[in-house]
Amino acid sequence: MRVLCYRMGANYACSEMVSAMGLMCAKPGNMVYRQLLEVHPEESNTACQLFGRDPVVMAEATRRVTELNRFQSIDINMGCPARKVVHSGEGSALLLKPDLAYKIMEAVRNSTHLPVTVKTRLGFDEDSMNAVELGKAAQSLGLRWICLHGRTRQQQYSGQADYAAIARVREQLDIPVIANGDVFAGTDGLRILRETGCDGLMIGRGSLGNPWLFREVCGAIDGTQAPEVGLQERVETALMHAQWMVDYKGERLGVMEMRKHIGHYIGGLRGATALRRQLNLAKTLEEINQLLYSLLA
């Protein structure tokens, strides 16, 4: 997925969330963490995104990741709203403990020569809108930037991202601020940058099944027209993604994980609902290929 995004114009990406505690407890050669910490030769500017609640553990995980010499930076996740993460006191739960958040950023910063960034939200809820406080802490520690999602943890992904709130945070910080939330079209990206005054844009959910989104955003910013994505290109990209996934994770697991991705690739196409039901039953790459090729018939 990251390689596809780079090919379409992204100039930065980060790994899936990596649990610092999980990494410390994993046995040598653990397959899950081996895959989480791998990068492709085409990845030019990828960060490892760590999450955790213990500064000591986060520091040691940072040292181990740095020693791999694979990543260009370390990103600290202080924004994940997932229940199991928050209930463990990690992710966006750290917005409720700014002193601990500071200690974690300090521990990570002191454990690597790589640039360190942090991704977070406006606050845990409307009563704890402390992104400015977190941003000033990151600024004082010399972090490279803060990426800010325009919702609270309480909102999860409901409603609309609050770009005015991001703009207010941006005005109070000297550290670069990256805007995040609800980028689903090239025009969205350009509008959000203008409304927030931010230094960059982070794209997440909008790129699922649509890596061309980066091409569209770059075109909107540059004032050029990105080429439209035809059905042929959409299907061929999904097929290539599926082949890569199977090559990397094996057919059983690769096919299982590709089902959700293909659901995004075909979203909005005629017959997508019925095709998605068939894809969810697919067990081999050949079945996926046949179903996708049927769109071109």
Side-chain angles (χ1 to χ4, degrees), residues 1-8 10 12-19 22-23 26-27 29-43 46-51 65 68 70-71 75 77 79-85 90-91 119 156-157 183-184 202-214 229 231 233-269 271-296:
M1 181 64 187
R2 296 196 300 266
V3 169
L4 285 172
C5 293
Y6 275 121
R7 288 187 179 186
M8 296 301 171
Y12 166 87
C14 63
S15 69
E16 295 181 65
M17 287 172 53
V18 177
S19 166
L23 178 59
K27 294 180 179 180
N30 178 278
M31 180 64 73
V32 172
Y33 284 93
R34 184 182 67 78
Q35 292 181 336
L36 281 174
L37 295 172
E38 283 189 356
V39 295
H40 190 276
E42 288 189 42
E43 295 187 60
T46 297
C48 177
Q49 187 177 89
L50 292 172
F51 74 99
V65 170
L68 294 173
R70 297 174 185 170
F71 297 97
D75 187 59
N77 185 296
C80 179
R83 182 176 300 176
K84 65 180 180 180
V85 174
E90 302 165 325
K119 187 175 189 298
Q156 300 273 344
Y157 295 100
V183 185
F184 298 109
M202 189 78 75
I203 296 174
R205 294 172 298 146
S207 65
L208 293 174
N210 185 21
W212 304 276
L213 178 57
F214 295 94
V229 182
L231 179 60
E233 184 179 6
R234 186 173 294 279
V235 169
E236 289 179 353
T237 302
L239 288 166
M240 180 171 64
H241 193 165
Q243 182 66 63
W244 286 353
M245 185 73 88
V246 168
D247 290 344
Y248 185 52
K249 293 195 172 183
E251 188 163 53
R252 187 186 67 83
L253 186 56
V255 167
M256 286 178 61
E257 292 195 14
M258 270 309 298
R259 292 170 182 167
K260 60 183 178 183
H261 288 287
I262 293 176
H264 290 294
Y265 277 112
I266 66 175
L269 298 179
T273 301
L275 184 59
R276 192 178 289 112
R277 283 197 294 266
Q278 292 177 282
L279 283 165
N280 285 338
L281 298 174
K283 295 181 179 180
T284 66
L285 180 62
E286 180 59 29
E287 289 178 84
I288 287 179
N289 290 346
Q290 290 178 2
L291 289 167
L292 286 173
Y293 276 125
S294 70
L295 291 170
L296 303 176

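Here Leu279 contributes atom CG and Arg259 contributes atom CZ; the two are 9.0 Å apart, rounded to the nearest 0.5 Å. Here the CE atom belonging to Met17 is positioned 10.5 Å from the CG atom belonging to Leu36, to the nearest 0.5 angstrom. Between the CZ atom of Arg276 and the NZ atom of Lys260 there is a distance of 14.5 Å, given to the nearest 0.5 Å. For the atom pair CG (Leu291) and CD1 (Ile266), the distance works out to 9.0 Å, reported to the nearest 0.5 Å. Distance OG/Ser15 to CG/Asn77: 10.0 Å, rounded to 0.5 Å. Expressed to the nearest 0.5 Å, how far CZ of Arg277 lies from CG of Leu275 amounts to 10.0 Å.
With a 6.0 Å radius and a threshold of 12 heavy atoms from other residues, nucleotides or ligands, Glu16 has its CD atom at or below the threshold. In this structure, Tyr293 places its OH atom where only 12 or fewer heavy-atom neighbours from other residues, nucleotides or ligands lie under 6.0 Å away. Applying the 6.0 Å contact sphere to CE of Met256 captures no more than 12 heavy atoms from other residues, nucleotides or ligands.
With a 4.5 Å cut-off on side-chain heavy atoms, Leu37 and Leu23 count as touching. Looking only at side-chain heavy atoms (C-beta outward), Ile288 and Val246 stay at 4.5 Å or farther from each other. Side-chain atoms of Val229 and Thr237, non-hydrogen and from C-beta on, never get closer than 4.5 Å to each other. The closest side-chain heavy-atom distance from Val39 to Arg2 is below 4.5 Å. At a threshold of 4.5 Å between non-hydrogen side-chain atoms, the residues Trp212 and Glu233 count as touching. Residues Thr284 and Asn289 form no side-chain contact, since every pair of their non-hydrogen atoms from C-beta on lies 4.5 Å or further apart.
By the side-chain hydrogen bond (donor to acceptor under 3.5 Å, both in side chains) test, Lys249 pairs with Glu257, sequence neighbours left out. With sequence neighbours left out, the side chain to side chain contact (heavy atoms under 4.5 Å, CB included) criterion links Arg7 to Val3, Glu42, Met240, Trp244. Taking Tyr265 as the reference, His241 meet the ring-ring contact (aromatic ring centres under 6.0 Å, His included) condition, with sequence neighbours excluded.
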* **Residue pair Phe184, Asn210: steps toward the side-chain contact (heavy atoms from CB on, under 4.5 Å) verdict** => CA-CA 9 Å; Phe184 298 109; Asn210 185 21; over 6 Å; no

* **Criterion side-chain contact (heavy atoms from CB on, under 4.5 Å) on Cys48 and Arg70, from CA distance to verdict** => CA-CA 9 Å; Cys48 177; Arg70 297 174 185 170; over 6 Å; no

* Decide side-chain contact (heavy atoms from CB on, under 4.5 Å) for Leu213 and Met8; before the verdict, give the C-alpha distance in whole Å, the side-chain angles of both, and the deciding distance to 0.1 Å. => CA-CA 8 Å; Leu213 178 57; Met8 296 301 171; over 6 Å; no

* After noting the C-alpha distance and the side-chain angles of Lys283 and Val255, does the key distance pass the side-chain contact (heavy atoms from CB on, under 4.5 Å) rule? -> CA-CA 6 Å; Lys283 295 181 179 180; Val255 167; 5.5 Å; no

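Side-chain atoms of Thr46 do not come within 3.5 Å of backbone N or O of Phe71 as any donor-acceptor pair. Judged by distance alone, with hydrogens and angles left aside, the side-chain atoms of Arg34 form no donor-acceptor pair with the main-chain N or O of Gly29 at under 3.5 Å.
Residues Val183 and Met202 approach most closely at CG2-O, 4.3 Å, considering heavy atoms. What you find for Arg234 and Leu269 is that their closest heavy atoms are CD-CD1, 4.1 Å. Closest heavy-atom contact between Glu287 and Leu281: OE1-O, 4.5 Å. Considering every non-hydrogen atom in both Leu231 and Leu295, the closest pair reads CD2-O, 3.4 Å. Closest non-hydrogen pair, Glu90 versus Phe51, comes out as OE1-CE1, 3.3 Å. Scanning both residues, Ser207 and Met1, for their nearest heavy atoms gives O-CE, 3.1 Å.
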